[in-house]
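Structure record follows, encoded as structure tokens.
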Amino acid sequence: MTLRSLPLRPMFQDRLQAQLVPALQAAFKDLFGHDLDAKAIGFQSTRPEFEGDVTINVFPFLKISGKGPEQTAQAIGEHVQANLLIVARFNVVKGFLNLVVADSYWLGFSQEAGEKDILAFPANGKKVMVEYSSPNTNKPLHLGHMRNIFLGHSVSRILQSVGHEVIRAQVINDRGIHICKSMVAWQKFGKGETPESSGLKGDKLVGKYYVEFDKVYKREIEGLVAAGKTKEQAEKEAPILLEAQAMLLNWEANDADVRALWAKMNGWVYDGFNATYTRMGVEFDKLYYESQTYVLGKNDVLEGLKKGVFYEKDGAVWVDNTAEGLDEKVLLRRDGTSVYMTQDIGTAIKRFEEYPGLSKLIYTVGNEQDYHFKVLFIILRKLGFEWARELFHLSYGMVDLPTGKMKSREGTVVDADELIEEVVNEARASGEQLSKLDEFSAEEKTALFEMIGLAAVKYYLLKVDPKKRMLFDPAASIDLQGHTGPFIQYTYARIKSLLRKADAELSVVSSQLSGSAGQLRTDNSALLPEERAIIKLLHHFPAVLNEAAIKLEPSTLANHAYELVKAYNTFYQTVPVLKEDDAAKRGFRLALSAAVAAVTKKAMWCLGIEVPERM
RNA sequence: GGUCCCGUAGCUCAGUUGGAUAGAGCAUCAGCCUUCUAAGCUGACGGUCCUUGGUUCGACUCCAAGCGGGAUCGCCA
């Protein structure tokens, strides 16, 4: 799987580079008679220990200039400074040309950032489907689902932010042997228990019987082994398993009783899932039920067989991917029934039929299925579907616990509802100690702690590169300090408080905000380092959002949001805002604060995280 | 065994297309609230970027081999 087909906005040039590139090209033309390719210029931000904002490394250009690094950098620097007003001065260190961008440029940008949404991208008319969550209906959602759900949800919002129309899709694996196991166990041992009678959430109740099934199954295996069967035989012949298998056959034969039980228990599960989704703040536009799609694909495979894309062996239909470095794979069993792959072929085709303009389909699925999707995409390409190149497996790493891998059989899974409850309680525990929340009503507090707790878990799961396997440390995940979601929320609330106070005390903020940057623009030493740092991070944000959209990496955005609020906190703690006497400076700092708040809110929205007005 | 992914501070993670003295958070230690929200800020401590070769002006980054960890390779889903 490559990102080859992913770039949705291939090159992102920020507004500063848009001015620097032509100036540099002109310099190369004038100085060395060379037409410089824009892509050859490597911009980097200047390291803090040197003066400057943008650094250009001239080593790659020595052949063009025919001079040493210092002379080359010096010559380019002089030319650019002379011809581009926004370059105030420059310095050369070894082969590095450090350009100092004039305050006037930063002030101009700040003004823009205060007045409009710098993260707004125009709609591009492209339609993208993002599939995520995809639970089985036999047990509750757990930590593994949480990484999936938050990742998929965030990616869908990021794509939406850069101008796509996004369809959020959930596949619900509502049929199969797993749900039959829960059904059999409930029938045998449930005594008519319901969510109402037990007080259990529907998904928890059904999950309870799935566990119950497994217990009985294991006991039966032990009994059979004691009676002289081999383990393998016992695993196949345990009566309760045979019952579940029989039930699956009855389900497929449309047996009315089985279907009714199935509908009832799935209904409980959906109520449970929906409660969890609502609390998580995630949503879906389109639901695909496996019970309705599992028959798909068979005809497509048969057609492929006719076309010679597939072949027959031992009565089964195969695909040969050895040329692609993969293996051969069965698509239809000897008895003519489908495998999982067949179904995925069919549903992909169906989705592109349903959404004719669909330009991309993203599957948010764990990396243990890397091979499966590789094969799926190759097959669809072989079947001749143009859109097959627009399929993407958003593959993410497993979530490990400090105790090792999560295993449902060993009861080491972290339940989603319980985890959320825990982290919300933690937010409450630390929040209640702060006197500043005294004026909050009970309802306001509850809403706030909910918001903070969810931010903690979501941010914890999203700040790590999705491709990488990550460790879930329960203690760290409920942390509200440092590199966390609540820290970002706190900074936002801090700014909002400042702005409220400004409004009340000055009552002229809005008129001061716009124009104040303009007033400062004539003074070239107006900007403090703390202000400059914030402005540069704001300036970089659209490129970061774009990158997050191209790479489908919320972590990029999460980390940049953290850097921004960190820089803001430093500013806040060292530079007076309301206490500044100079009205222009005060207005400028307020506008800058407002811009940080707006960008932070948008970035957090892209992560699926809400921010409070006070905390 | 084949294929794929990963290895950066005590722990968890960043690190742009190869660039200057590799950065954060947590933990530990030391400071900062009669002053705009201390869920904050400042500083200290902390590194064989798994190892060895190679490519080059330059490698945490690219290539090869090795070591360590994981995933996957079913007429399962």
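Residue numbers begin at 1 in each chain, while the letters A, B, ... track the order of the sequences.
Under the salt bridge (charged side-chain N to carboxylate O under 4.0 Å, His left out) criterion, the residue pairs touching residues 449-465 of chain A are Arg279(A)-Glu450(A), Asp465(A)-Lys467(A), with sequence neighbours excluded. Sequence neighbours left out, not one pair with a member in residues 331-345 of chain A passes salt bridge (charged side-chain N to carboxylate O under 4.0 Å, His left out).
In this structure, Arg147(A) has no salt bridge (charged side-chain N to carboxylate O under 4.0 Å, His left out) partners at least two apart in sequence or on a different chain. Applying the side chain to side chain donor-acceptor pair (under 3.5 Å) criterion to Lys313(A), with sequence neighbours excluded, gives no partner residue. With sequence neighbours left out, the side chain to side chain donor-acceptor pair (under 3.5 Å) criterion links Glu422(A) to no other residue. With sequence neighbours left out, Glu531(A) forms a salt bridge (charged side-chain N to carboxylate O under 4.0 Å, His left out) with Arg589(A). Residues passing the side chain to side chain donor-acceptor pair (under 3.5 Å) test with Glu368(A), sequence neighbours excluded: none. Residues forming a side chain to side chain donor-acceptor pair (under 3.5 Å) with Glu49(A) (at least two apart in sequence, or on another chain): Arg47(A). The salt bridge (charged side-chain N to carboxylate O under 4.0 Å, His left out) check on Arg500(A) picks up nothing, with sequence neighbours excluded.
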Using a 4.0 Å heavy-atom cut-off, write out nucleotides 1-17 of chain B from 5' to 3' as B (base contacted by protein), S (sugar-phosphate only) or - (no contact).
------S----SSS-BB

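Across all strands shown, Glu290(A) has heavy atoms under 4.0 Å from sugar-phosphate atoms exclusively, and none from any base. In this structure, Pro60(A) reaches the bases: a heavy-atom distance under 4.0 Å links it to at least one base atom across the strands shown.
A heavy-atom distance below 4.0 Å to RNA chain B is reached by these residues of residues 334-342 of chain A, ordered by number: Arg334(A), Val339(A), Tyr340(A). Residues from residues 564-571 of chain A placing a heavy atom under 4.0 Å of any atom in RNA chain B, listed by number, are Lys566(A), Asn569(A), Thr570(A).
Comparing rG25(B), rC75(B), rG19(B) by their closest approach to the side chain of Asp314(A) singles out rC75(B).
One interatomic measurement links the two molecules: CH2 of Trp318(A) to P of rC75(B), which rounds to 5 Å at whole-angstrom precision.
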